[in-house]
Amino acid sequence: MQQKRNIQIIEWEDLDKRKFYSFGVFMTMTIRATVYPATLIRTRLQVQKGKSLYSGTFDAFFKILRTEGVRGLYRGFMVNTLTLISGQAYITTYELVRKYVSSYSNDNTVKSLVAGGSASLVAQSITVPIDMVSQQLMMQGQGQHLTRFRLTATVEAGKPRPMFGQTRDIIAQIFAADGFRGFYRGYVASLLTYIPNSAVWWPFYHFYAEQLSKLAPSDCPHLVLQAMAGPLAAATASTVTNPMDVVRARVQVEGRTSVIETFKQLIAEEGFWGVTKGLSARIISSTPTAIVMVVGYETLKKLSLRPELVDSRHW
């Protein structure tokens with residue numbers, strides 16, 4: 001007989017949706033602002049040839065900080081905040097698909113796998129055009145020789161151009177070069193990266209939480225166990241999907257059209273280690289993301305419980 005779960009999961013029907021979305025926007029924005037520098041570093045590491053510019057994550061961090069300042073670590077951030085829309089679409093899809101799948105299966109792994117993959121499919125359809133622009137902005141400054149697009153006049157009278165001026169410049173160049181399709185360059189590579197990443201993350205998150213609950217004292221708060229399970233799941237998912245993430249970054253930034261040819265060239269030029277590029281930066285960024293997301297998301301769900309459930313249930 002299957003042992004009863006120690007950690008209960010708050011499901012979609014238990015939530016006050018108005019609270020859920022209000023708190024969710026704030027949580028998503030906080031997470032993105034916290035981990036954006038690591039995302040920028042990861043992108044530059046993945047796109048560079050060999051170690052032509054940076055020797056690793058920390059070398060990239062200090063070089064960018066020294067030559068471009070803190071602003072350099074947040075290039076493209078304002079554009080990237082538009083992914084708040086895809087973030088809300090992601091969690092809505094995840095919860096709704098979990099509810100739908102529960103009609104056919106009570107297995108939490110199955111529900112998490114299907115819901116995670118479906119949520120990522122919806123979110124990436126919104127995110128890819130935003131990523132195309134924000135990644136081109138990330139590559140300006142020290143990494144500008146790694147991308148085919150350049151800001152036409154980054155400095156005027158000794159001052160940087162306004163962020164939205166840079167954004168318009170990049171958007172115009174992408175459209176002129178590739179038309180509307182240019183904003184969805186790398187869409188397939190993104191799906192091949194993030195659908196497996198999401199589909200792997202959620203089952204492993206619940207798996208690690210369950211295993212930790214068996215090892216921890218009975219009075220250990222569930223939130224602590226979940227906060228530990230999140231980074232473990234993130235590291236697992238990042239390691240599994242990093243090769244395709246490297247390919248995705250190169251397709252989008254360098255303007256390539258073939259995922260397979262990009263992968264073959266990566267292996268030919270840099271060998272097996274080429275597919276691990278940016279992995280440490282990805283894990284470094286995913287660890288705080290996972291902790292903040294798990295603690296924030298589980299707290300968000302508790303705060304968003306329907307009023308009549310607050311006193312009757314002990315999560």
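Just so we're clear, the structure is a prediction, and the values are computed from it rather than from any experiment.
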* **Polar contact flag, side-chain donor to acceptor under 3.5 angstrom, T241-R248** => no
* Asked: Roughly how far apart are R185 CZ and M132 CE, rounded to 0.5 Å?
  -> 6.5 Å
* Would the number of heavy atoms belonging to other residues, nucleotides or ligands and lying under 6.0 Å from CD1 of I260 be above 12? -> no
* Should the pair E68-R44 be classified as a salt bridge under the 4.0 Å nitrogen-to-oxygen rule? -> yes
* Asked: For F263, does the CZ atom sit with more than 12 other heavy atoms under 6.0 Å from it, leaving out its own atoms?
  -> no
* Centroid-to-centroid, Y208 to F204, below 6.0 Å? -> yes
* Asked: So, are R42 and D245 salt-bridged, with charged N and O less than 4.0 Å apart?
  -> yes
* Asked: Relative to the ring of F77, is the ring of Y36 parallel (under 30°), tilted (30 to 60°) or perpendicular (over 60°)?
  -> perpendicular
* To do: Could you tell me the separation between the CD1 atom of I171 and the CD atom of Q136, rounded to the nearest 0.5 Å?
  => 11.5 Å
* To do: Starting at CG of L232, measure out to CH2 of W201 and round the result to the nearest 0.5 Å.
  => 10.5 Å
* Asked: Does atom NZ of K51 have more than 12 heavy-atom neighbours, drawn from other residues, nucleotides or ligands, at distances under 6.0 Å?
  -> no
* Have Y90 and T127 got a donor and an acceptor in their side chains that come within less than 3.5 Å? -> no
* State, without any angle test, whether R75 and N80 hold a side-chain donor-acceptor pair at a distance under 3.5 Å. => no
* How are the rings of Y184 and Y187 set to each other: parallel, tilted or perpendicular (split at 30° and 60°)? -> perpendicular
